[in-house]
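Computed from heavy atoms alone, side chains included, the values below leave out hydrogens, waters and symmetry copies. For this chain, numbers begin at 1 and follow the sequence in order.
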Amino acid sequence: MKTEEEVKTEDKLDVLFRMQKGLDAYIREQRNLNYTQGEWVCKKALALMVELGEVVEEAKYKWWKNATEIDEAKLKEEIVDVLHFFLGMCIDSGMTSDELFEIYLKKNKENYDRQNGLSAKTGYSLKDKKN
């Protein structure tokens, strides 16, 4: 087992993937859960959507109510819950942390290209925007 200091110097995304894989394996083993890959991805996607709802609730989205302070600690905890299920969905779909990083880089570039009218996809260009 790695020391806390060794973990802190590792790639953070690798650490998160490893920890999530361990948690998911533990839960599956302890609860004797056995679903197909597709079922796991769907279950994680649904759980992620529920957690996003909790993020919205903590962010006080109800403009029709009297404003109250956002509890930033609770908000951040809900965001981390979203990350748990997102990472689990990545792992269940067979994606590694390196693959997530590479796909993200490509998609990020494509999103900038779309905004700047440099993509084959149309309808995104800022220069074509009508006010």
CD-CG distance between Glu39 and Leu33, expressed to the nearest 0.5 angstrom: 11.0 Å
Hydrophobic clustering (ILVMFWY, side-chain heavy atoms < 4.5 Å, transitive) - are Val82 and Tyr104 grouped together? no
Determine, using the 4.5 Å side-chain heavy-atom cutoff (strictly less than), whether Tyr35 and Leu23 are members of one ILVMFWY cluster. yes
Give, for atom NZ of Lys12 and atom OG of Ser97, the distance between the pair rounded to the nearest 0.5 Å. 13.5 Å
Would you call Lys121 and Glu110 a salt bridge, taking side-chain N to carboxylate O under 4.0 Å as the test? no
Does the structure place the NZ or CZ of Lys44 under 6.0 Å from the centre of the six-membered ring of Phe86, at an angle of no more than 45° from the ring's axis? no
Ionic contact status for Asp92 with Arg28, cut-off 4.0 Å: yes
Salt bridge (charged side-chain N to carboxylate O under 4.0 Å, His left out) contacts touching residues 47-61 (sequence neighbours left out): Glu57-Lys62
Output for pair (Asp24 CG, Phe85 CZ), nearest 0.5 Å, gives 8.5 Å
Look at atom CG of Asn34 and say whether more than 12 heavy atoms of other residues, nucleotides or ligands are closer to it than 6.0 Å. no
About how many Å separate CG of Leu75 and CD of Glu78, when rounded to the nearest 0.5 Å? 8.0 Å
Is it true that Val41 and Leu46 fall in one hydrophobic cluster, defined by side-chain heavy atoms closer than 4.5 Å? no
Working for side chain to side chain contact (heavy atoms under 4.5 Å, CB included), residues Val15 and Asp11: CA-CA 6 Å; Val15 172; Asp11 178 87; over 6 Å; no
Of the non-hydrogen atoms in Glu99 and Thr96, which two are nearest, and what is the gap between them? N-OG1, 3.0 Å
So does Trp63 have more than 12 non-hydrogen atoms from other groups sitting under 6.0 Å from CH2? no
If two hydrophobic side chains count as joined below 4.5 Å and joins carry through other members, does Leu13 share a cluster with Val80? no
Output yes when Lys109 and Asp113 qualify as a salt bridge under the 4.0 Å nitrogen-oxygen rule, no when they do not. yes
Tell me whether Ile91 shares a hydrophobic cluster with Met19, the cluster being built from Ile, Leu, Val, Met, Phe, Trp, Tyr side chains joined at under 4.5 Å. no
Minimum side-chain heavy-atom gap Met89-Leu48 below 4.5 Å: yes
Quick one: list whatever passes salt bridge (Lys or Arg N to Asp or Glu O under 4.0 Å) with Asp81, sequence neighbours left out. none
Would you compute the distance between atom CG of Leu100 and atom CG of Leu16 and round it to the nearest 0.5 angstrom? 10.5 Å
Please walk me through it: do Phe101 and Leu105 pass side chain to side chain contact (heavy atoms under 4.5 Å, CB included)? CA-CA 6 Å; Phe101 184 76; Leu105 290 178; 3.4 Å; yes
Apply the test side chain to side chain contact (heavy atoms under 4.5 Å, CB included) to residues Asn111 and Gln115: give CA-CA distance (whole Å), side-chain angles for both, the deciding distance (0.1 Å), then the verdict. CA-CA 6 Å; Asn111 287 339; Gln115 294 298 307; 5.8 Å; no
Value rounded to 0.5 Å, distance of OH in Tyr124 from CG in Leu118: 14.5 Å
Counting only heavy atoms not in Glu72, do more than 12 fall under 6.0 Å of its CD? no
Got a donor-acceptor contact below 3.5 angstrom from the Asn116 side chain to the Tyr112 backbone? yes
